[in-house]
Amino acid sequence: MGSATQELLPGTLDLLILTTLETLESAHGYTIMEAIWSGSGELFRVEEGALYPALHRLQLKGLLEAEWGLSEANRRAKYYKTTPFGKKHLVERKADWNRIVLGMRRMLEGA
Amino acid sequence: MELFKSLFLKLRAMQLQRQLDQDLEDEMAAHLALKQQALEREGLNSTTAKLQARRSFGNPVNWKESTRDLWIPVWLEGIWRDIRFSSRLLLKDRLFTATALLTLAIGIGANTAIFSMINDLMLRALPVKNPDQLASILITNLPPTDRAWKNGQEVAPADRQHISFALLQAIEKQDIFSGAFARCGMGQVTLTNKDALHQISPDWVTGSYFPVLGVKPFIGRFFSTEEDIAGGPEEGWPVVISEPTWNRVFQRSNSALGSRITIDKVSFTVIGVAPASFFGMSPGHQSDAWLPLNSLEQINPEMKWRDPGFPMLQSFVRLRSGVSLHQANERMKHISRSLFDEVTPPYQKTYRDHVLAQKIKLESARSGYSWIAQVYGKSLWILLSAVGAILFIAATNLTNLILARSTARRQEIAVRLAIGASAQRIRRQLLIESGLLAIIGSLLGIVSALWLTPLIQRSFSLGEWVHIDFNFDWGMLVFLTTILTLTILISGWIPAWHASRSGSLHTQANESDFSRWRTIFRSGLVVIQISLTVALLGAAGLLINSLRATFLEETGFDHVPKLFVSADLAGTGISQERLPHAFRNITSEVRMQPGVQAAAWTRFVPLTGELRSFNADAPGKISSAENGRMVHSHEVSDGYFSAIGIPFLAGRDFTNTPTGRKTCVVSENLARYFFGSVPSAIGQHINGGPLKDAEIIGVVGNSKYSHIREAAPMTAYFPVLEINPHHTLTLVIRYSSSREAVTTAVHTILRKETGRIPVMQIRTADENLSAVLSIDRLLATLLTAFSIFALIISITGITGLLSYSVQQRRKEIGIQMALGATPSFIQWQFRTQGIRLGIAGIALGGLLSFWLRHAIDSYLFGTKAGDPLVWISVILIFFICIFIAVAIPAWRASKIEPMQALRTH
């Protein structure tokens, strides 16, 4: 773990999780955590204390659904998948995010 | 959508709580294992890896809790836990729970039952269109010579609810009304359908009745003004029957429509059935059928409803929309005089002036107009007050019980507070406990009300006359349940609040303050309970005394057993002319039976509330306008007086064969009033009644007429068989053999004479009396039941309070005994405590009863509200009960071991 990790803007954790699952299809908590770490180029490290509540919240909201299976270590593990509703939600949030980024860039760099 | 999904998932989570815990556990374990592996791959040894992995999770308990909280909110789970805990506690303390639930059930049940009756009789709107627009027409400011019979006395009435047809028509024309209708009744008539006879009690109504009321028929149709014409419409008279009649006579068959029936020998066609909810205009009285008013003359020519001098129509109007009752009344005040001028026949001047001065008053008829409500309404309100008192007693008892329990649990609560429970949590649990009691108790109350209500209904209904239909009013029930629930919660909150404050174990100083406050509060409640119970017991005692006096009252008849056999010869095919002959044959045959001492016919059965009267005068002696008096008229055959046991004082009875002369027999008080003495009445004439100007041939002893509690009125007896007798008469049989023998004989004779057994009813004098007094009996029974219930509660209240007191003062008692107090001294202490409470309660109860002493005056007979016999008995009963109540706690107190008491807490 080299460079300083970036603090997450509030509300973006959901986006990160959903994006991760877009690529991974189905994964359990640990995998997601590692995927965010590596996928962000070691900028974003999500702690377990933040990840799991977020996962459960997303599940309660209906954006994710969960399935129990066997992990690599032959343990009972919970696998998360995006629901169609979640996929739709992701598209919208991505669009929102891009708009924010564009706006900020314009403001900050005058471009 | 999201909301539902998450709710659904949460509910599932609650269901599978254990599964949820396991899942969280597993999820965390899987994560830890993977993390540990990853760390090991990076080079850490397994122990360090494990530790580090675990640390990354933070506090696992915290993690689990916060995640779990997402699924099942803590407060929700807390409440569920409290419910389970409270149920366990309640189940453990079975006595307390059973008492509480029982009290609640009876309290709610009784209140609901009584209130639903009041609701039905007096509060509920009629099931017609826009009932708020309906008003009943009353005449006030009556002429001073008008007389009415009320409560056994001749009085000048305040208002009259019957008007003449001419007046109704005049009122109907007013533009503030969108319609008017009237009804009148005549008691019972016989409906014959294909040779089956049924007694029905119909209403004769104007053609405008159904259209103005706006009721829809259940099947068929209603008649309207076109069919209410003199002589009847071409197709014959129509009749609308009620749903119960349809059930009774036609077994709900559709063939009822269009079938021809006869009512008292007049032919009618059934055109429709009224909906089951429609009973007519009088709550408490189910009308069996509705007939056009014009048919009344054919059935009973005596009823001259068209005659402007015969006001006999109970009338109603419908206000035009936008017109208020007040406005309508104002208008009526102004035009009363002109209306009366229009319709009043040319009477003698002074009398006509009186009539013109009358005023027409309108009263809301939203709930109909019911003489039954007038008569029984008062007893119902009395009953409601009684059950209200019961409810109060029950609720306060519960408060006491709960207070006692919370005291017993204060150690448990103190411990809970010490290890971190918030005061709010304690309160919540205690409230949930009370709440559980409230809910279960209310449910029990609902069930008991469902059972209790029809029971009371059957007792109230006098069969033929009164029928109170109970439609169980859910709105009102919910209201009552809410009230009691609130009471419970409040009575539970006080101890809850107290308990949560008594935190520390070492606040002994505060403790005694608390307990003193508690004791005073509880004592106060017990005193109130006792006072209410005293009032109830007193009322019950007075009513029982009245009933006893009533049954013992001298009627003027003797006490030899008599049978009253009512027979209706309407459907027998015997013509009106032959009726007297038929009746005479029957009496001759009956008189010849062994065991029968006398037999005679009478039109009205004494002491059953029936009444015919007229204003009488004696030509040449006393004129009606000045001193004419209300005379009751009786129609009897020869031999009546010996059959019923009224002694002859002068003159003779009617003869068995018609004389052609107009004769009558009068009672002693009439003879004295009109003619000065008994002997001088013979040969004089009385004017009025069914025989104008009848000669008095005999004088008999005074006797009661319509009600046993009334004074014996002036009565004139006319020979029924000589004045075109009605087809329904009652045979009075004085017998010395058995009832069955007489009944069988009568049946045989009737069948022989008429070809059938047209018997409507057979009763003894006592049965008649019981039927008439059923309201009083019911009132007495219910009040007695309520008083006993209240007494039991009050006694348990005292016992509970004293036991609590003993418990509280254990240490003190121990010290007392250690210092030399004898057990009987200890006992005496507590006994006096209980007795003091009792005396306070009785005193308060006495004050309460004194304040309410006029409430049940109208039910008292042969006894006053202050009857010493009753009150002394009540006080005695109470003292005995108090002695019983204090006995056990006092005895327990005396058995306390001083050393044990001092040592234990």
When the 4.5 angstrom heavy-atom criterion is applied to B/Leu32 and chain A, the contacting part is neither
What residue, out of A/Arg76, A/Lys78, A/Arg57, has the most heavy-atom pairs lying under 4.5 Å from chain B?
-> A/Arg76
Should we say atom NZ of A/Lys88 is surrounded by more than 12 heavy atoms from elsewhere, each under 6.0 Å from it?
-> no
Rounded to the nearest 0.5 Å, what separation is found between the CD1 atom of A/Ile32 and the NE2 atom of B/His31?
-> 10.5 Å
Residue B/Glu412 excluded, over 12 heavy atoms near CD under 6.0 Å | yes
Side chain, backbone, both or neither of B/Asp23 within contact of chain A (heavy atoms, under 4.5 Å) | both
Taking every non-hydrogen atom, the tightest pair across B/Leu70 and A/Leu60 | O-CD1, 3.4 Å
So which part of A/Glu34 gets closer than 4.5 Å to some heavy atom of chain B, the side chain, the backbone, both or neither?
-> neither
Other residues, nucleotides, ligands: >12 heavy atoms within 6.0 Å of A/Glu92 CD | yes
When rounded to the nearest 0.5 angstrom, what distance separates OH in A/Tyr79 from CD in B/Glu27?
-> 11.5 Å
Heavy-atom side-chain contact between B/Met28 and A/Tyr52 under 4.5 Å = no
Side-chain ion pair, B/Lys35 and A/Glu48, N-O less than 4.0 Å | yes
B/Leu34 side chain reached by A/His28 side chain, heavy atoms, under 4.5 Å | yes
